[in-house]
Undergrad: 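I have a structure I would like to understand better, so I am pasting it below and will then ask my questions one at a time.
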Amino acid sequence: MIEKGMKSAFAAIVGRPSSGKSTLLNALCGHKVSIVSPIPQTTRNQVRGIVNRPQGQVVFLDTPGFHMSEKKFNKSMMDNVTKSLSDADVAVYLIDASRKAGAEEEGLMARLVTLRKPLVVALNKTELKPNYADELEAWVREKLSPKAVVRISALQETGLEAFFDAIFANAEEGQAFYPEDFYTDQDPSFRIAEIVREQAINRLSDEIPHALYVEVADRELRDAPPAESAKPVPTLWLRVFLIVERESQVGIVVGRGGEKIKEIRQAAQKELGKIFTQRIHLDLRCKADPKWRSKDHLIQSILGSSQPKE
Ligand SMILES: Nc1nc2c(ncn2[C@@H]2O[C@H](COP(=O)(O)OP(=O)(O)OP(=O)(O)O)[C@@H](O)[C@H]2O)c(=O)[nH]1
Ligand SMILES: [Mg+2]
């Protein structure tokens, strides 16, 4: 039964790479749901974040940054944008207001023009100076006739109340999709792989962040051997691989004397400790899988659903 006046909606957040979609999702949910980095094309999957408010429930869908590319992997990533737009009741177009609109903006706009769904535009990074919010707002109002345009800073968490009001104003009355205590529905292995990937890409540069995927090879809950007179500690044992495209990249990820991979492992272990209640034991290794980005079965498994399999 639908409680009177309660609303619910799926809202897809789309925008070009690095416009701040994942930062916004995390700010809306109040939890780290989606990984963030300064490197474009960080998000590869549809990642769901659930928000419960007095007005009802919104399931936000984070998506990969929209960009034009002929590469197989990138094209499949863009299928996740298309799927999210089709799953959504409301579309959110997030624009980095500290930059002028470019070709990617035009390409995305061409898709949004034909979308028969309510559209809310959020101009992000508005705390930066100078910014192009005024001209971007005039441009989107003319081209897309959005239901609302709001100015926000996902990083500083400003403008979010007006943003929520715009979303709920365009949501229908309906039942919650998830229980109230859920803030995401990600499969635990997906979440672990993403946290490890985030800590790795934030410590690597050049082509490596894009040449990387993460595989959780083993995940087991065990009682760690009790220390003298202490109770056994529930521990999540993880064996995880950082997989790159070339043998020469393995050396870079591992670093001199194994320093780099140790740094990644320690940082990932700390981040995972914030999410899981168990103690984390992370065994992290790196290997190469040449040309993985053009292998269909891998693309499918890496870019497939972030939710548990039925
Ligand atoms: N100054 C400022 N930086 C922001 C803001 N929002 C996000 N950022 C930064 O922008 C960079 C990209 O943020 P993400 O949230 O990863 O961007 P994204 O749109 O999810 O990127 P992709 O997943 O690659 O498409 C990070 O360095 C963020 O800290 C903001 O409101 N102000
Ligand atoms: Mg992202």
Side-chain angles (χ1 to χ4, degrees), residues 11-49 60-69 71 73-85 91-99 101-105 107-108 111-112 120-133 136 149-163 184 186 190-191 193-205 207-214 271 302-303 306:
I13 307 172
V14 298
R16 80 169 172 199
S18 281
S19 54
K21 299 174 294 298
S22 304
T23 307
L24 175 62
L25 184 84
N26 294 341
L28 297 170
C29 295
H31 290 275
K32 169 76 158 284
V33 174
S34 196
I35 66 165
V36 168
S37 90
I39 294 155
Q41 295 162 39
T42 297
T43 307
R44 293 172 171 170
N45 307 69
Q46 179 195 91
V47 177
R48 296 182 179 185
F60 288 99
L61 311 176
D62 188 13
T63 66
F66 184 86
H67 62 286
M68 268 89 74
S69 167
K71 289 187 186 142
F73 186 73
N74 295 21
K75 277 170 117 174
S76 299
M77 234 156 79
M78 291 310 98
D79 292 344
N80 277 335
V81 180
T82 305
K83 180 180 181 305
S84 299
L85 282 171
V92 175
Y93 179 16
L94 189 69
I95 305 178
D96 177 349
S98 72
R99 299 174 57 169
E104 284 155 352
E105 228 69 71
L108 182 50
R111 293 231 186 148
L112 294 175
V120 171
V121 173
L123 300 171
N124 191 30
K125 309 195 187 183
T126 50
E127 89 285 5
L128 295 178
K129 298 270 175 307
N131 75 62
Y132 303 94
L136 287 166
V149 179
V150 292
R151 297 185 184 200
I152 64 167
S153 166
L155 193 67
Q156 299 191 340
E157 305 196 1
T158 58
L160 301 187
E161 281 308 311
F163 175 79
T184 189
Q186 292 167 66
F190 176 81
R191 231 167 155 205
E194 285 290 270
I195 295 284
V196 172
R197 190 163 65 88
E198 177 183 55
Q199 298 309 315
I201 61 183
N202 278 307
R203 286 170 178 77
L204 295 163
S205 56
E207 85 289 4
I208 310 253
H210 296 119
L212 189 78
Y213 81 92
V214 177
E271 281 302 302
I302 294 165
L303 300 184
S306 61

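In this chain, numbering begins with 1 at the start of the sequence shown. Both ligands and their constituent atoms are indexed starting at 1 by order of listing.
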Undergrad: Partners of S37 by side-chain hydrogen bond (donor to acceptor under 3.5 Å, both in side chains), sequence neighbours excluded?
TA: T42
Undergrad: Check whether S19 reaches the backbone of I95 with its side chain - one donor and one acceptor, N or O, closer than 3.5 Å.
TA: no
Undergrad: Which atoms form the tightest heavy-atom contact between G49 and V33, and what is the distance?
TA: CA-CG1, 4.2 Å
Undergrad: Applying side-chain hydrogen bond (donor to acceptor under 3.5 Å, both in side chains), name anything that partners S98, two or more places apart in sequence or on another chain.
TA: D96
Undergrad: Look at E194 together with R197 and state whether they make a salt bridge at an N to O cut-off of under 4.0 Å.
TA: yes
Undergrad: Should E104 and R99 count as an ion pair when the cut-off is N to O under 4.0 Å?
TA: no
Undergrad: Would you confirm whether N124, through its side chain, and L94, through its main-chain N or O, come within 3.5 Å as a donor-acceptor pair?
TA: no
Undergrad: Does the side chain of T184 come under 3.5 Å of the side chain of Q186 through a donor N or O and an acceptor N or O?
TA: yes
Undergrad: For the pair D62 (side chain) and I13 (backbone), establish whether a donor and an acceptor sit closer than 3.5 Å, ignoring hydrogens and angles.
TA: no
Undergrad: Mind counting the protein N, O or S atoms sitting less than 2.8 Å from the Mg ion (ligand 2)?
TA: 2
Undergrad: Counting only heavy atoms and a distance below 4.0 Å, can you name the residues contacting ligand 1?
TA: P17, S18, S19, G20, K21, S22, T23, V36, S37, P38, I39, P40, Q41, T42, T43, G65, N124, K125, E127, L128, S153, A154, L155
